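Proteins get letters first, then strands, A, B, ... in listed order; numbering begins at 1 in each. Fair warning: this is a prediction, and the values are worked out from it, not measured in the lab.
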Amino acid sequence: MITMKYNFNEIEAKWQKYWKENGTFHAENDSEKPKYYVLDMFPYPSGAGLHVGHPLGYIASDIYARYKRHQGFNVLHPQGYDSFGLPAEQYAIQTGQHPAITTKTNIARYREQLDKIGFSFDWSREVRTSDPAYYKWTQWIFIELFNSWYNVETDKAAHIDTLVAKFETEGNANVNAVCDDDIAIFAAADWTQYDAKTKQEILLKYRLTYLAETEVNWCPALGTVLANDEIVNGVSERGGHPVVRKKMTQWSMRISAYAQRLLDGLNTIDWPQPLKDSQTNWIGRSQGAMVTFKVDGHDANIDVFTTRPDTIYGVSFMTLAPEHDLVQKITTADQKEAVEAYRDATSKRSERERMADVKTISGVFTGAYALHPFTGEKVQIWIGDYVLASYGTGAVMAVPCGDQRDYDFAKHFGLDIPNIFEGVDISEEAYGEKEGVKIANSDFLNGLTYKKAMKTVIYELEKRGFGKGKINYRLRDAVFSRQRYWGEPFPVYYVNGMPQMIDVKHLPIALPEVEKYLPTETGEPPLGNAEVWAWDTNTNTVVDNKHCHSELDAESTDNGIYPLELNTMPGWAGSSWYFFRYMEKALRDEHFASQEALDYWENVDLYIGGSEHATGHLLYARFWTKFLKDRGFVGVEEPFKKLINQGMILGTSAFVFRIDGTNKFISKNILDTINEKVNNGENLSEQEHSLFENWTPISGKSLPVQSIHADVALVSSADTLDIEGFKNWRSDFKDAEFICEEDGTFKVAREVEKMSKSKYNVVNPDEICEAYGADSLRLFEMFLGPLEQAKPWNTAGITGVFSFLKKLWKLYIADEGPRVTETEPTKDNLKTLHKTIKKVQYDIENFSFNTSVSTFMICVNELSVQKCTSREILEPLTILISPYAPHIAEELWFRLGNEGSIATAKFPVFEERHLVESSKEYPVSFNGKMRFKKELPLDLSKEEIEKIILEDERTEAQLNGKTPKKVIVVPGKIINIVG
RNA sequence: GCUCGAGUGGCGGAAUUGGUAGACGCGCUGGAUUCAAAAUCCAGUUCUUUCGGGAGUGUGGGUUCGAUUCCCACCUCGAGUACCA
């Protein structure tokens, strides 16, 4: 039976069931409609479940997706799970529970929570990165990267076969590729004579994913390497563990090949500026020159990168990073000891220490000299830890007059500071500015400005063979191996230490079972524990390790069974292409996505997610997309056309105060009163004093209390603590005493902090849905403020949107039954409706969802006052509100007698004519301050308005007898009188 | 240090091209209804005031008939980044 009350639980369950059963939000890949792709950054399903901060972005994107459906678009709005990751593995290490099981449980919980909020997701396209059917194609992309090289001539990636063809016909001398630095030149004839292993070794230096011994960020506590973006302030992003430098053989991704395109692409996409800025900084393009200095008395060169080759005549010494390869070779005998000691000391210092300590100047002279390319003068070669091995060539030409770090170094060690700037005082500090000065004491550069000097010196460097113009990037190749269990296995086995790819038709290579999720005793990654983890090239299956052909044992015959890779892929592998996977609906085993699907959906039109992925996921996803485009697998250069960052929802923590050394808790207001008295030097009452035995009040010193987080579930919106609940919450509070306010309540203090389990300030969306309904939750999350802004969660305000929904309901349905009639709408009715259409449409298109909610409230308030019952008004209103509060909209739409879902009902069209007015209540200002208002017809001329206003008695009162200097009349807007 | 963003009532916030500052909601105050409570409804709520008015969007200055909005300097908070040659 149909009730007349707004029974949100019933309504929401009913429509969620309807949507599911009818596949209301399933997108079609062949449609006459224009496409629109709305995507959320998919969640990692953690054990804690969703809190109210998570759905914020999902609600916003859902509103947009639903709006686009009303506008006649075929909308793809999918969802899935980034389900490989460290927390499940850590949990497995602690409990022995298989990560696949915990992940599955967590996903089920997430799904249940998401379903309750009424999102219009197309779940038929769900992806899970840990699903073998999904990571089959992650493995495939890896293989394609392995089978590719970057051709600088065409500025594209190409199949490795095209490179081999070049080697076979012309060698590598004329190959312009992005590759390793240490490439030896060979001719076509050489190539054909190389054995298979040598060829493989050479090709590895060109491949877009390659195996190389690299210096990595090793995190001993996590037992794995970390990428640069996974380290924050020298410690691991997850867990805050120390990170040290270590040399390891690792898979790397040659993302550096794409540095310039990643930079250029930013101009073509609609992303928030701060996000673009951080990618720009991360890529770190700088333009300058590569200059070669000869080492005196050695057959060795030092290459340096400099952005200021124009200051080359200011070079008075050189500094190498302590780790620089040449150091050992060139150090003289009498400096050997000092240099060794310094190198030893720096290698022991952690990254963190080196970063924290930027003030101490340290370094050692190697005893060797370099020759200045232009003057031939001898300059000392030093080592110093202010030079980073990982940037440029790990060496600098020091120009102390133009660079503050070189200047400080020179001052500290008493080195020369030659001045090459015309009329600049460098007795106190270096002159770092580029503009506004001319070069002096620099031979052919004398008298030139920065720009001209740059051109001239690069020309000369190139002409005389001392160097060349170069663009350098800070962006490093990304390490792609992780020493973890819960990640994608590599489709790789090793023959004679050389990596071999498994053919795509044998994928996926599924994650093996292991006894323990920790590294092995010999320090191998967790997959080293797997017993069935060898590749049989005869049967193309994974087989028991005991059959493995051992390379160490010369006696054994090669049986075609080889060890598989023990590392797994990093978290960003699966998330770098998942947006393409959603496009494919049916034949997911045959391709990562079909050509037709890719052609139809192209890329994501709107992407919503957090800004914390700026230099991780969002950069890698752009990289893989460009690569897939180059190789013709997808048609787009950028994955996400428009991106919006949603702000974080913060928790409002509650604190109780415990008097030190006791189990007595003191209510906040009492504590504040006493603190104030102490600060003002007032005497405390005997009772107050007795609370703090053995404590002498000193002004300015706060009372000896400890603040403790109380669970926000135990605190009312008026900051009152549920004392009984608190006592039962933790056993050590069982016998606690409470010093309460006069009215007998116990008050807590509030503070805004990040929402987290450990701060006991987490609020779950389920609780809200249960108490007020999903529509209330959706409206309230939007109502909190602008989407991109961080904002504190305060449940108190939810009653506002909840009563709004009840009011909305009552507009349609009275206690006695439906009130909608076929009456003609009044002028006021139409005006209210159309100004609402105009505003809501503007707001959605500008992602200003908070103001729409206000607009709905105003609209319903006005229609209630107008006692509007007209279907012509109320029916379009349900569509307007449906993106925000879809359940109530569906139900009202249904009760208005419509068939089926409201989801694709046409969005009402705004008509200006309903807003046209014949008169305006003009604000009348004096010197810019509004003093009174006057209703005037809109068709009056400026002169007429001026005349009427000047005759108004209130004007005379304001002017107080004076004649106005000027009268400004803006018809339809304002009148301003200048006195 | 550098880059970016933000400062408006007790609180969240609004003000679309420079044109009525504080919309809308919370909270609070008073009233109606109720045995009572919840719920609901009505009125008020930036500060100040001698009830005429006056002041007011972080601070100081500028442009303008008119500035929360534009310009300059400064202060505070937040985010990112950090010896990048």
Protein and nucleotides 15-19 of chain B: nitrogen or oxygen contacts under 3.5 angstrom:
| unit_1 | atom_1 | unit_2 | atom_2 | d |
| --- | --- | --- | --- | --- |
| U16(B) | O2 | Tyr842(A) | OH | 3.4 |
| U16(B) | O4 | Lys839(A) | NZ | 3.3 |

Please determine whether a side-chain nitrogen or oxygen atom of Lys791(A) lies at a distance below 4.0 Å from atom OP1 or OP2 of G13(B). no
On the nucleotide C84(B), are OP1 or OP2 found under 4.0 Å from the side-chain N or O atoms that Arg405(A) carries? yes
Quick test of your reading of the model: are Lys835(A) and Glu912(A) salt-bridged, counting only N-O distances below 4.0 Å? no
Please classify the nucleic acid contact of [X] as base, sugar-phosphate, or nothing, using heavy-atom distances under 4.0 Å.
X         : answer
Lys807(A) : sugar-phosphate
Asn861(A) : sugar-phosphate
Gln404(A) : nothing
Thr306(A) : sugar-phosphate

Rounded P spacing from A39(B) to C75(B) in Å: 49 Å
Taking O4'-C1'-N9-C4 for purines and O4'-C1'-N1-C2 for pyrimidines, is G52(B) syn (within 90° of 0) or anti? syn
If the glycosidic angle is within 90 degrees of 0 it's syn, otherwise anti, so just tell me which one G10(B) is. anti
Rounded to whole angstroms, how far apart are CD on Glu935(A) and C1' on U20(B)? 14 Å
Could you check whether any side-chain heavy atom of Cys401(A) comes within less than 4.5 Å of a side-chain heavy atom of Asp406(A), counting everything from C-beta outward? no
RNA chain B nearest-nucleotide lookup for Tyr391(A) and Asn850(A): closer to the 5′ end is Asn850(A)
